[in-house]
Amino acid sequence: MGTQLQLNQTSIQGVFEVRSLRGQDKRGSFARWFCQQELDQLLLGKAIRQINHSVNTNAGVVRGLHFQYPPAAEYKLVRCIRGEVMDFVVDLRAGSTTFLQHLGIRLREYDDLMLLIPPGCAHGFQALVDNSQLLYLHTSDYQPGFEGGCRIDDPCLKIQLPMPISTLSERDASFVSLAPDFNGIYV
Ligand SMILES: Cc1cn([C@H]2C[C@H](O)[C@@H](COP(=O)(O)OP(=O)(O)O[C@H]3O[C@@H](C)C(=O)[C@@H](O)[C@H]3O)O2)c(=O)[nH]c1=O
């Protein structure tokens, strides 16, 4: 099988950069994008249940921040397959040493990079160029009844977006800021 995915722990415990080690030859190139066996140590044996594709027509589009509550809490793998996005992960896990801290990572079409986001972390992004596209792999089924969201402009998160927001869904705009006594999600 060999190792074809390079794992780098980020500043948020359990959030990993997963880089595909692309091989080149005279025909072109080949890269492994996902391997259950290689990622098992991080996914704790959970299998991929859903794969989604997100197309963002204009630069400046923001989606998120989104997560699912237990029992639908999930690992999510995110990859930019076209264009460029600034991707954000916020740690909402009760008791975590990085509780309410966030991470911003630029994901680009040709970087061969995915972000692995564990249960209890919220995810969102801003498209930096027109027609930026993301591919998601999820370890849970989509369960609307267990969806949660945070405001990307929540003052307590202090997320700096690279550009003004061009488009935000009504649902994302309707999220309320975290309460001062928010203690986190138990996953
Ligand atoms: C989130 C999600 C939505 N859907 C459906 C519901 C709805 O009919 C349609 C569009 O859903 P939304 O408007 O919620 O899509 P969107 O706002 O793009 O939601 C996504 O945002 C980013 C930040 C994420 O991290 C993703 O996991 C996902 O939550 O797709 C699924 O089938 N599976 C899913 O996992």
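Every number for a ligand or one of its atoms is a count from 1 in the order of the listing.
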Inset, instruction - Identify whether Ile159 and Phe99 are in the same connected component of the hydrophobic contact network (ILVMFWY, side-chain heavy atoms under 4.5 Å). - result: yes
Legend entry - Nearest-neighbour protein heavy atom for atom 7 (C) of ligand 1, which is reported as residue plus atom name and distance: Tyr142 OH, 4.6 Å
Legend entry - ILVMFWY clustering at 4.5 Å (side-chain atoms), partners of Tyr75: Leu5, Leu7, Phe16, Val18, Trp33, Phe34, Leu39, Leu42, Leu43, Leu44, Ile48, Ile51, Leu77, Ile81, Met114, Leu116, Leu135, Leu137
Inset, instruction - Consider only side-chain N and O atoms of Asp91 and Ser96, and report whether a donor and an acceptor are under 3.5 Å apart. - result: yes
Inset, instruction - Considering heavy atoms of the protein only, find what lies nearest to atom 15 (O) of ligand 1 and give residue, atom and distance to 0.1 Å. - result: Arg63 NH1, 4.3 Å
Inset, instruction - Using a distance threshold of 4.0 Å (strictly less than), state whether atom 9 (C) of ligand 1 has a protein heavy-atom neighbour. - result: no
Inset, instruction - Examine distances only and state if a side-chain atom of Glu38 and a backbone atom of Gln4 form a donor-acceptor pair shorter than 3.5 Å. - result: yes
Legend entry - Distance flag for atom 1 (C) of ligand 1, protein heavy atom under 4.0 Å: yes
Inset, instruction - For ligand 1, find out whether one of its N or O atoms is nearer than 3.5 Å to an N or O atom of Gln50. - result: yes
Legend entry - Short side-chain donor-acceptor distance under 3.5 Å, His53 and Gln133: yes
Inset, instruction - Say whether Gln143 and Tyr69, considering side chains only, have a donor N or O and an acceptor N or O under 3.5 Å apart. - result: no
Legend entry - Glu74 N/O under 3.5 Å from ligand 1 N/O: no
Inset, instruction - Return a yes/no value: protein heavy atom under 4.0 Å from atom 32 (O) of ligand 1? - result: yes
Legend entry - Any donor-acceptor N/O pair, Thr139 side chain to Glu74 backbone, under 3.5 Å: no
Inset, instruction - Scan the protein's non-hydrogen atoms and note whether one is under 4.0 Å from atom 13 (O) of ligand 1. - result: no
Inset, instruction - Answer yes if a protein heavy atom lies under 4.0 Å from atom 24 (C) of ligand 1, otherwise answer no. - result: yes
Inset, instruction - Would you verify that at least one protein heavy atom lies under 4.0 Å from atom 21 (O) of ligand 1, or report that none does? - result: yes
Legend entry - Whichever hydrophobic residues join Val55 through chains of side-chain contacts under 4.5 Å: none
Inset, instruction - Please work out whether any backbone atom (N, CA, C, O) or any side-chain heavy atom from C-beta onward of Asn52 is under 4.0 Å from ligand 1, and answer side chain, backbone, both or neither. - result: side chain
Legend entry - Among His66, Arg171, Lys76, closest by any non-hydrogen atom to atom 27 (O) of ligand 1: Lys76
